[in-house]
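Have a look at the structure below before the remarks.
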There are 2 protein chains.
Amino acid sequence: MMEADIFKALADPTRRKVFEKLAGGSLNASALRDGLDISQPAMSQHLAVLRAAGLVREQRQGRFVNYEVDPDGIASIGTWLARYRAYWPKRIAALSDLLKDMDQ
Amino acid sequence: MMEADIFKALADPTRRKVFEKLAGGSLNASALRDGLDISQPAMSQHLAVLRAAGLVREQRQGRFVNYEVDPDGIASIGTWLARYRAYWPKRIAALSDLLKDMDQ
DNA sequence: GCAACACATAAGCATACACTTATGTGTTGC
DNA sequence: GCAACACATAAGTGTATGCTTATGTGTTGC
């Protein structure tokens with residue numbers, strides 16, 4: 001929810017991997033463990049941190065809990081980053097165009 | 001330099017305050033301490049972390065060391081964030097326009 | 001040279017954090 | 001009901017981190 005939580009959440013490499021996986025589409029907690037060599041409780045704890053930070057949101061589906069990227073979290077980072085737009089180098093022009101395109 | 005270092009650096013509230021101060025212009029280490037109730041070594045250590053992350057850069061000026069925002073660090077965050085552009089909500093359109101403006 | 005200053009580094013310590021194993025909660029299907 | 005499953009929570013532990021005090025390094029001006 002706050003910047004503090006967001007940056008703390010993303011400071012951990014495992015959580016960033018999880019978040020990147022979710023960028024490809026929603027997945028349940030077990031599927032997220034694939035290839036990460038991490039225990040089930042550890043994943044559950046990581047997901048709790050990401051959820052508390054507003055970076056992901058969950059959706060119960062039977063016994064499974066599907067996780068997906070929460071656009072609000074992404075927006076928070078964007079808003080924070082916008083404060084430093086005076087320092088964006090020119091070579092980031094391409095990115096800027098991409099962001100513009102998203103609004104259709 | 002790497003994402004890991006950047007997010008770790010920004011995970012600390014004191015370092016975020018320092019970084020925001022520098023967003024207003026370059027300052028030396030002593031000036032950065034104003035209003036932060038932190039020891040001189042602590043500030044020096046925080047600046048070392050921000051520097052290692054590529055978020056700030058230094059410039060010796062006599063006995064003083066001036067610190068300023070390093071555009072490369074900002075760009076790194078922007079590049080990372082761009083991977084999640086599919087999740088940017090529409091209400092961030094204004095930010096997107098701001099970013100576009102920066103390229104003149 | 002040397003005293004005063006601005007900052008960096010070293011060493012030690014208390015707390016935060018990511019992990020583990022063990023157990024609890026809720027859902028499915030027989 | 002109850003066994004199997006998916007996930008969350010509890011409790012404990014080693015390590016990372018941010019702080020402190022003490023000391024080192026480099027610059028200024030007399």
Side-chain angles (χ1 to χ4, degrees), chain A residues 1-22 24-70 73, chain B residues 1-22 24-70 73:
Chain A
M1 212 73 174
M2 311 168 55
E3 288 159 9
D5 299 316
I6 290 180
F7 287 121
K8 265 192 182 181
L10 292 174
D12 182 79
T14 301
R15 282 195 291 266
R16 278 201 310 282
K17 283 180 193 165
V18 169
F19 191 66
E20 288 180 31
K21 278 194 173 193
L22 290 176
S26 77
L27 289 170
N28 60 53
S30 297
L32 283 168
R33 282 182 64 201
D34 291 350
L36 282 187
D37 192 36
I38 204 177
S39 69
Q40 177 268 315
M43 174 58 73
S44 184
Q45 287 160 15
H46 280 309
L47 288 169
V49 171
L50 288 169
R51 202 183 326 124
L55 286 166
V56 307
R57 58 191 179 193
E58 60 176 74
Q59 201 175 357
R60 261 247 165 216
Q61 284 193 342
R63 289 182 291 189
F64 298 84
V65 178
N66 271 30
Y67 284 90
E68 61 183 359
V69 171
D70 187 338
Chain B
M1 214 69 176
M2 309 168 57
E3 289 160 9
D5 299 317
I6 291 181
F7 287 121
K8 267 193 181 182
L10 293 173
D12 183 78
T14 301
R15 283 195 290 266
R16 278 201 309 281
K17 282 179 193 165
V18 168
F19 192 67
E20 288 179 30
K21 278 193 171 193
L22 289 176
S26 77
L27 289 170
N28 61 53
S30 296
L32 283 168
R33 283 182 63 201
D34 290 350
L36 281 186
D37 192 36
I38 204 177
S39 70
Q40 176 267 316
M43 175 57 73
S44 184
Q45 288 161 14
H46 280 309
L47 288 169
V49 171
L50 288 169
R51 200 182 329 122
L55 286 165
V56 307
R57 57 190 180 193
E58 60 177 75
Q59 200 174 358
R60 261 245 166 217
Q61 284 193 343
R63 288 184 294 189
F64 299 84
V65 178
N66 270 31
Y67 284 89
E68 61 182 1
V69 171
D70 188 339

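Order of the sequence lines fixes the chain letters, A, B, ..., with proteins taken first and strands second; residue numbering starts at 1 for each chain.
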Please tabulate, for side-chain N and O atoms in residues 35-50 of chain B, each donor-acceptor pair with protein atoms closer than 3.5 Å (sequence neighbours left out).
| residue | atom | partner | partner atom | Å |
| --- | --- | --- | --- | --- |
| B:Ser39 | OG | B:Ala42 | N | 3.2 |
| B:His46 | ND1 | B:Arg15 | NH1 | 3.1 |

Under the 3.5 Å rule, do the base of [N] and the side chain of [X] count as making a donor-acceptor pair?
X	N	value
B:Gln61	D:dT27	no
A:Gln40	D:dA6	no
A:Gln45	C:dT20	yes

Taking all atoms of both residues into account, what is the closest heavy-atom pair of [X] and [Y], and its distance?
X	Y	result
A:Leu32	A:Leu27	CD2-CD1, 3.8 Å
B:Lys21	B:Ala31	NZ-O, 3.8 Å
B:Leu10	A:Phe7	O-CB, 3.6 Å

For [N] and [X] - does any side-chain N or O of the residue sit under 4.0 Å from the phosphate oxygens OP1/OP2?
X	N	value
A:Arg15	C:dA18	yes
A:Ser39	C:dC19	no
B:Ser44	C:dA6	no
B:Tyr67	C:dA8	yes

Expressed as a whole number of angstroms, how long is the span from [X]:[atom1] to [N]:[atom2]?
X	N	atom1	atom2	result
B:Lys17	D:dG18	NZ	P	14 Å
A:Arg51	D:dT9	CZ	C1'	12 Å
B:Phe64	D:dT25	CZ	C1'	16 Å
B:Arg63	D:dC30	CZ	C1'	12 Å
A:Arg16	C:dC17	CZ	P	16 Å
A:Ile38	C:dC17	CD1	C1'	13 Å
B:His46	D:dG18	NE2	P	7 Å
B:Leu32	C:dA6	CG	P	14 Å

Task: Contiguous pairing runs of three or more, Watson-Crick or G-U under 3.5 Å, that involve DNA chain C - done: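 When the pairs of DNA chain C are grouped into runs of at least three, the stems are C:1-30 with D:1-30.
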Task: Residue from A:Val69, A:Asp70, A:Ile6 passing side-chain contact (heavy atoms from CB on, under 4.5 Å) with A:Leu55 - done: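 Per the side-chain contact (heavy atoms from CB on, under 4.5 Å) rule, the option paired with A:Leu55 is A:Ile6, out of A:Val69, A:Asp70, A:Ile6.
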Task: 5′-ward residue of the pair B:Asn66/A:Ala42 relative to DNA chain C - done: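 Its nearest nucleotide lies further toward 5', so the answer is B:Asn66.
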Task: Residue whose nearest DNA chain C nucleotide is more 5′ - A:Arg60 or A:Asp12 - done: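 Looking at DNA chain C, the more 5' nearest nucleotide goes with A:Asp12.
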- [ ] Please assess B:Asp5 against B:Met2 for the test side-chain contact (heavy atoms from CB on, under 4.5 Å), listing each intermediate value before the final yes or no.
- [x] CA-CA 5 Å; B:Asp5 299 317; B:Met2 309 168 57; 3.9 Å; yes
Task: Residues in side-chain contact (heavy atoms from CB on, under 4.5 Å) contact with A:Glu58, at least two apart in sequence or another chain - done: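 Only A:Arg51, A:Val65, A:Tyr67 meet the side-chain contact (heavy atoms from CB on, under 4.5 Å) criterion with A:Glu58.
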Task: Reported CD-to-CG distance for the pair A:Glu68 and A:Leu22, which is rounded to 0.5 angstrom - done: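 Rounded to the nearest 0.5 Å, the CD-CG separation comes to 8.5 Å.
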- [ ] Counting heavy atoms from C-beta on, name the nucleotide in D:dA22, D:dA8, D:dC19 closest to the side chain of A:Pro41.
- [x]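 Nearest nucleotide to the side chain: D:dA8.
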